[in-house]
Amino acid sequence: MPVALRAALRAVGVRLVELAPPSGASQGNHVLDVDGVYAPFLKSLDADVVLMRPDFVVYGHADRAGLSHLTESLLQLLQYTSTRAQHRGP
């Protein structure tokens, strides 16, 4: 993922994480799936990545090739919502 896209995601509060291998340890941006639910979930979607809110609502999913498109669409939506909210009058 391009550096500028990563920076834009961080700017809107998106946390990027990768699943650590089952035998691995959680470090840096790698997280350990202690319940073993995310790998089967991604497999059921035939996806490599998922954009999910902290309350587990899924925005979208993609394979690695579609990651930039998926994240760019989220950023566009957030910009639209932010801009729209700013232009509302009393």
Engineer: Is there a donor-acceptor pair under 3.5 Å between the side chain of Asp33 and the backbone N or O of Tyr38?
Structural biologist: yes
Engineer: Indicate the atoms forming the closest heavy-atom contact of His30 with Leu19, along with that distance.
Structural biologist: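 For His30 and Leu19, the tightest heavy-atom pair comes out as CD2-O, 4.1 Å.
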Engineer: Quick one: are Val31 and Arg15 in side-chain contact, heavy atoms under 4.5 Å?
Structural biologist: yes
Engineer: Within the structure provided, determine whether Leu75 and Val12 are in side-chain contact (heavy-atom separation under 4.5 Å).
Structural biologist: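 The answer is yes, as the side chains (C-beta and beyond) meet within the 4.5 Å cut-off.
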Engineer: Can a donor-acceptor pair be found, under 3.5 Å and without considering hydrogens, that links the side chain of Asp35 to the backbone of Val37?
Structural biologist: no
Engineer: Using atom types as modelled and distance alone, determine if a side-chain donor or acceptor of Asp48 lies under 3.5 Å from a backbone N or O of Asp63.
Structural biologist: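 The answer is no, because no donor-acceptor pair under 3.5 Å joins these two groups.
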Engineer: Atom CZ of Phe41 and atom CE of Met52: how far apart are they, to the nearest 0.5 Å?
Structural biologist: 4.5 Å
Engineer: For Ser68 and Pro2, work out which heavy atoms get closest and say how close.
Structural biologist: OG-CD, 3.8 Å
Engineer: Considering only heavy atoms from C-beta outward, does the side chain of Leu78 approach that of Leu74 to under 4.5 Å?
Structural biologist: yes
Engineer: For the atom pair CZ (Arg10) and CG (Leu16), what is the distance rounded to the nearest 0.5 Å?
Structural biologist: 7.0 Å
Engineer: Contact between Leu5 and Leu67 at the side-chain level, heavy atoms closer than 4.5 Å - yes or no?
Structural biologist: no
